[in-house]
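Nothing fancy with the numbering, it's 1 onward along the sequence. Scope of the values below: all heavy atoms of this structure, side chains included, with no hydrogens, waters or symmetry mates.
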Amino acid sequence: MIKAVDRFLDHLTMYRLVRYYLVALIVAAFVFGIIKLVPHDPLALAFTTALALSTCWITNRVFALVFEIPANSESVYITALILALILDPVAVTDLKGIGAVAFASVWAISSKFIFAVGRKHLFNPAALGVALSALLLDNPATWWVGGNSWLLPLVLSGGILVVRKLRRLDLVTTFIAAALVTILATTEPAQYGDVLKETLGSSPLLFFAFVMLTEPLTAPTQRWPRIIFACIVGVLFAPNIHIGSFYFTPELALLTGNLFAYSVSPKGRFVLTLEGIEQTAADSYDFIFRSPRKLAFQAGQYLEWTLGLNRSDNRGNRRYFTVASSPTEQSVRLGVRFHPQSSAFKQALGSMRPGAAIHASQLAGDFTLPSDQQVKIAFLAGGIGITPFRSMLQYLIDRKELRPIVVLYGTESQGDIAYREVLGSAWRELGIRTFHAVAKDAGRGQYAGYVDARLVRVTMPDYLERTFYISGPQAMVKALRQQLLAMGVRRSRIKVDYFPGFA
C-alpha cells in the first residue's frame, strides 16, 4: 500500500499535490453545501473562491511585472484556495464581505514582494492576508474548513499525503504535540475530554498543520530549527495563550514562527546568469551560472529553481535540483538529465543561452558530509543521482581533505557515466575509488548490472561500519535502502537524498 502511494506521489510535484488537495476540499464543501451538510451557501462558496482566485492572480501578475520576477501561478492558486477555505464565504450582494476577501487576497500576494528581504518573503502569504483583514477590517478568519465533521476525513487523508510527500512528519507531529500539551496545560482537568474532542474534530488544528505549517518557503529547512519552529507555533496556537488582553490566533502564531524561521534559514533569492553549458554524459548537461554574490551552502544541498515560462505544463515552473558545484567553486552548477519527452521546465532550461537568467531560492537539505572526518562513508549513486556526490568530491579535492569514502556508481551504459574527470581526480588525489556498475555494456573492471547488495559486500567488507549515502531514481533509492537494512545496516547509518517535489 505504501509503495503504491509513493509511486503515485512521485509523479506529482509538491505544489500540484497541495493544489489538488485544496480543490478537492472546495468541491467537497460545495457538494456538502448543496445537501446541507456544510452550513455555507454553495453559491457563496463558489463566488468567494472565484473572487479570491481572480484577485490573487491579478495581484501576482502586477507585482511580478513591477519586480521583474517570474510569476508563479501554482503558489497563487494555492494561496487563493486557502483563503477560500478559511474565510467565511460571501454572497454576491455582500459588498463589505467582498471587500474583505479582496483585501485579504491582495495583501496575501503582495506580501511576497513587499515583506521580503533579498527577494525572499518572510511570512506565510495566506496567514498575513487574514491577519491584516482581522486587524484592519474586523473580518477574521473563521477556519471553517476545520470545523466540519463531514470534511474531516478528507482533511485528514489528503493531509497525510502532503506530509508523506514533503517528508515533514517531524514538523507536523511536534506541532500537534506542542499545541495539545499547551491546550491541556491551560485547561481544567475536568474539561480534558471535551477540549480534546473539540480540538481534534472541530478546530483548524489539522488543516493548519497539513497546509499552512508545512509551507516550505517560510519554514526552516534544517531538522532541529524545524522542530523548534513547530514548538513555537504549537504553543502559540493554543487558544488560551495571551499577553495581557492580547490573544493569539492561528495565523498570528504562524507569523511569529515565520520570524523565527527567517532568522535561522538561508537568506535571499538569487538571480543567476547562465555562463555556459557542459555535456557531462549522453543525455546529461551541467548548466553553469554566475551569481551576483557568493552562494554559501554545504556540498550536497539543493535549491528551488524557477523559470518564467510563457506556457507551463501540469508540473509548473519550479523544480528542486541539487547544486552540482562545490562551495569552493565560484560558479553554480545545475546538473540535469533530459528525457525524450521532457517537461516544459526542462525544455525551457534546455533552450537557455548564455546571458539568460534563472531564479534560485530555498537552499536546504541534510544530505551533507558528516562533521567527523573519520567516519567511514559509502556513496551509492544511480544515473544523475551522482550530482550531490560530484559536489562533495570536488569540495574534498579542493580542500585536499582525506576521508574514508568508497563510491558505487550505477548507470545503464558507458555513455551515461557523468563527471569522469572529478571521479578520476578523487581517486588520484585522495584515494577515493569509484566502482562502476554498468547494466548494458560493462567493461573490464566494471560490475555487470546495477548497484546491489552483492556489489556492496564485494567492494567494502567493512560495510557495517559505514554510513551510506544513496542518491538516484526513487525506485533505486528505496530498493537499496531495503537491501542495506536486510544486510544489517542500521537505519541511522542510511541517508537518502530527498527534496520536496521530486517529480
Side-chain angles (χ1 to χ4, degrees), residues 14 18 78-79 82 86 107-108 111-112 115-118 120-135 140-141 143 145-146 155 159-160 162-163 166-187 195-196 198-200 203-268 361-366 500:
M14 173 194 65
V18 173
I78 288 171
T79 299
I82 291 173
I86 65 178
W107 273 106
S111 69
K112 299 180 182 183
F115 297 105
V117 178
K120 174 182 171 65
H121 59 272
L122 277 67
F123 300 113
N124 180 285
L128 185 67
V130 296
L132 290 176
S133 177
L135 178 65
W143 297 88
V145 66
V155 169
I160 291 173
V162 171
V163 174
L166 291 173
R167 303 296 198 270
R168 289 293 182 264
L169 184 61
D170 57 348
L171 172 67
V172 171
T173 54
T174 301
F175 161 75
I176 292 176
L180 291 178
V181 168
T182 308
I183 289 170
L184 293 178
T186 56
T187 301
V195 166
L196 285 175
E198 175 73 18
T199 301
L200 295 174
S203 83
L205 179 77
L206 295 177
F207 178 82
F208 179 91
F210 295 143
V211 176
M212 306 287 282
L213 190 74
T214 57
E215 201 273 324
L217 291 178
T218 53
T221 57
Q222 302 297 318
R223 186 171 187 271
W224 285 111
R226 193 162 61 234
I227 296 298
I228 298 172
F229 166 75
C231 289
I232 293 172
V233 180
V235 169
L236 298 180
F237 181 90
N240 292 330
I241 296 299
H242 61 95
I243 300 175
S245 60
F246 177 81
Y247 283 79
F248 283 88
T249 61
E251 57 270 20
L252 290 176
L254 182 56
L255 295 176
T256 303
N258 291 158
L259 290 175
F260 166 78
Y262 179 79
S263 70
V264 299
S265 297
K267 307 298 187 292
S361 63
Q362 204 180 331
L363 177 68
D366 298 318

Side chains of [X] and [Y] in contact at under 4.5 Å (non-hydrogen atoms):
X      : Y      : result
Met212 : Glu251 : no
Val145 : Pro204 : no
Glu198 : Ser203 : no
Thr249 : Pro140 : no
Val130 : Ile86  : yes

CZ (Arg168) and OG1 (Thr174) are apart, to the nearest 0.5 Å, by 12.0 Å
What distance separates Phe246 CZ from Ile243 CD1, expressed to the nearest 0.5 Å?
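Atom-to-atom, Phe246:CZ and Ile243:CD1 are 7.0 Å apart.
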Could you report the tightest heavy-atom contact between [X] and [Y], atom names first, then the distance?
X      : Y      : answer
Gly244 : His242 : O-ND1, 2.6 Å
Met14  : Pro216 : CE-CG, 3.5 Å
Thr173 : Leu169 : OG1-O, 2.7 Å
Pro125 : Lys112 : CG-CE, 3.4 Å

Under the side chain to side chain contact (heavy atoms under 4.5 Å, CB included) test against [X], which residue among [options] passes?
X      : options                        : answer
Leu255 : Val233, Leu122, Leu128         : Leu128
Asn124 : Leu254, Ile82, Thr79           : Leu254
Leu171 : Leu166, Val163, Ile227, Thr214 : Thr214

Apply side chain to side chain contact (heavy atoms under 4.5 Å, CB included) to the pair Leu196 and Leu184, showing each step before the final yes or no.
CA-CA 8 Å; Leu196 285 175; Leu184 293 178; 4.1 Å; yes
Judged by atom type as modelled, is there a donor-acceptor pair below 3.5 Å linking the side chain of [X] to the main-chain atoms of [Y]?
X      : Y      : answer
Thr186 : Ile183 : yes
Thr182 : Ala178 : yes
Ser263 : Phe260 : yes
Glu215 : Thr218 : yes

Identify, with sequence neighbours excluded, every residue that meets ring pair (Phe, Tyr, Trp, His ring centres under 6.0 Å) alongside Phe210.
none
Quick one: do Leu213 and Phe229 satisfy side chain to side chain contact (heavy atoms under 4.5 Å, CB included)? Show the steps, please.
CA-CA 9 Å; Leu213 190 74; Phe229 166 75; 3.7 Å; yes
Decide yes or no on side chain to side chain contact (heavy atoms under 4.5 Å, CB included) for Tyr247 and Leu252, but give the supporting numbers first.
CA-CA 9 Å; Tyr247 283 79; Leu252 290 176; over 6 Å; no
Which of Phe175, Trp143, Phe248 passes ring-ring contact (aromatic ring centres under 6.0 Å, His included) with Phe237? It is Phe175
Is Asp366 paired with Arg223 through a side-chain N to carboxylate O contact shorter than 4.0 Å?
no
